[in-house]
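Worksheet: the structure to be examined is printed underneath.
Each residue takes its place number in the sequence, starting with 1. As the structure lists them, so they are numbered: ligands from 1, and atoms in each ligand from 1. Every value quoted in this text rests on a predicted model; they were computed, and no experiment measured them.
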Amino acid sequence: MYGAKLMKYIVLVPDGMADEPIEQLGGKTPLEVAETPNMDYCVANGLLARARTIPSNLAPASDVANLSILGYDPHKYYTGRAPLEAAYLGVDLGGDELAFRCNLVTISDEKMADYSAGHISSKEAAILIAELNKELGSASVSFYPGVSYRHLVVLKGGQNMQDLLQAICSPPHDILGQPIKKFLPKGKGTEQLASLMERSKSVLAPHEINKVRIDLKENPANMIWLWGQGQKPAMPTFKEKFGLTGAVISAVDLIKGIGKIIGLDVINVEGATGYYDTNYTGKAQAALDALKNRDFVFVHVEATDEAGHNGDLRMKIATIERFDKMIVGPVLEEFKGRSDFRLLIMPDHATPVDLRRHTADEICVAMMGYGIAKNGFSAFSEKEAKKSDVFFEGHQLMDVFLR
Ligand SMILES: [Zn+2]
C-alpha cells in the first residue's frame, strides 16, 4: 500500500544542483558553501542518503533522471527526450512519427557558441520556428514552437524510422565551444537530419529578429540543432502505479511533459522561467496550494542547472541559496512540527560548473517526515552523503518514499 490517508508527499528537485569540489572554494562544493539552513534542517531531522538516478548505459540527462525520481525505471520506459516534451506541447505522435528536440542555437566560426541562442524569448523564437516551418517544413517534417530555445521537430519516419531512432545525436549543451562538424547526427539515414540543420542557417541568419539581436549584442539564433529523438512512450499513470493524486510544477516542457504522460496535473506558475530569475516564491505557494486537494506534489527548479551549464560559480551558489530560502523554506514553514507529511529533496543529477555538463555521479538525497528515522547527519552536501550507508537505485526511491 502506498500513501497513508491524508498524508502529503512533497518532492523538491533543484536540477543539476550537485557539483564537485572546486579549487576556488578551497575544495568545497557550491552546495557546501551556500547558506542552506532549510535543507540542512531536513537532513538533521531526517535521512541523508545517496542515489543513482542515471542507470548504466543511459546518458546523464534530466529526462532520464526525473523519470527515475518519479519511480519509473528509465531502462523500461525511456524512449527519448523529445516525445516527453511533445506530450506537454500537445503534439500527439503517431506510430510512424518520431519527435526531435530542436534547439535554437548560436554558431560562431562553425563552433557551438551557445546552446540557447542567448536564452531567446519564446515570442521571438515562435516567429523563427514559424519561418522554419514555412521554408523547411513538408508532409513529413513539422516544426512546433516551445519555450525559449526549446522546440520540436516531428518527422514521419517511414522506412527510415529505426535508423533515425538509432542515430547518434549530441545534446548541444555538451559540445560548447567545439566544432559542430564533429557532432552532426551520425548513423544510417541521418543525412536528412544534417541537411535540415544545415539549411536552417540560411533561413535564420538573415532574419530580422537575428539582426536586431546582434544589434542588441544578444546571441543570434542562427541554426537549429536536432537531438533527443524518440517515439511516444507507453507508461502507467502515477495513480495506477502508486494510487495517489498529484501535480507537477516546473517551467520546462520536459518535466511538464513527463507529468502529463503519467497523469499528474501540470500547474503553470506565472513568472516561472526556467532561468535564474524564476518565480521561486510563486512555485512554493503553488505547491502548497496543490496539496490542498492532492496527495503528492513534484516541484522542479531549473535555475541551478543553468548556472552549472554557464560555468557560473557565483550564480550556482546564489540559485542554491534561493532554492533553499524560497522553495524549501516556505514548505518547511507550513509542515514543520506536523506528522502528516514526507519531504524529499534531491537534485536529479550533477551539473558541475567546472565541466558545464551533466555527470552520472551518485547524488545526495534528503528525506524527512512521518516515519523517517534520523541517521545522524547535519548538513546537506555531496561529501556528507558519501559517508551515508543508505543508497537507493533511483527509480526505487519513490517506492520507499511513498510507503
Ligand atoms: Zn542541464
Just list the side-chain donor-acceptor pairs under 3.5 Å for residues 162-179, sequence neighbours left out, or say none.
none

- Item | Test item: Leu397 and Phe391 side chains (from C-beta on) under 4.5 Å apart, heavy atoms |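 They are not in side-chain contact.
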- Centroid-centroid under 6.0 Å between Tyr149 and His119 rings: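 Between His119 and Tyr149, which both carry aromatic rings, the centre distance is below 6.0 Å.
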- Message: Whether the Lys336 and Asn45 side chains hold a donor-acceptor pair (N or O, under 3.5 Å, no angle test) is what I'd like checked.
- Response: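 Looking only at side-chain atoms, Asn45 and Lys336 do not form any donor-acceptor pair under 3.5 Å.
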- Give every protein N, O or S atom lying under 2.8 Å from the Zn ion (ligand 1), naming each by residue and atom.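 Only Asp305 OD1, Asp305 OD2, His309 NE2, His358 NE2 fall inside 2.8 Å of the Zn ion (ligand 1).
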Which donor-acceptor pairs under 3.5 Å do side chains of residues 89-97 form with protein atoms, sequence neighbours excluded?
unit_1 : atom_1 : unit_2 : atom_2 : d
Asp92  : OD1    : Lys232 : NZ     : 2.8
Glu97  : OE1    : Gly94  : N      : 2.9
Glu97  : OE2    : Lys156 : NZ     : 2.9

Side-chain donor/acceptor pairs under 3.5 Å, residues 62-69, sequence neighbours excluded:
unit_1 : atom_1 : unit_2 : atom_2 : d
Ser62  : OG     : Asp15  : OD1    : 3.3
Ser62  : OG     : Asp15  : OD2    : 3.0
Ser62  : OG     : Asp348 : OD2    : 3.0
Ser62  : OG     : His349 : NE2    : 3.0
Asp63  : OD2    : Tyr78  : OH     : 2.5
Asn66  : ND2    : Ser62  : O      : 2.8
Asn66  : ND2    : Asp348 : OD2    : 3.1
Ser68  : OG     : Thr53  : O      : 2.8
Ser68  : OG     : Val64  : O      : 3.3

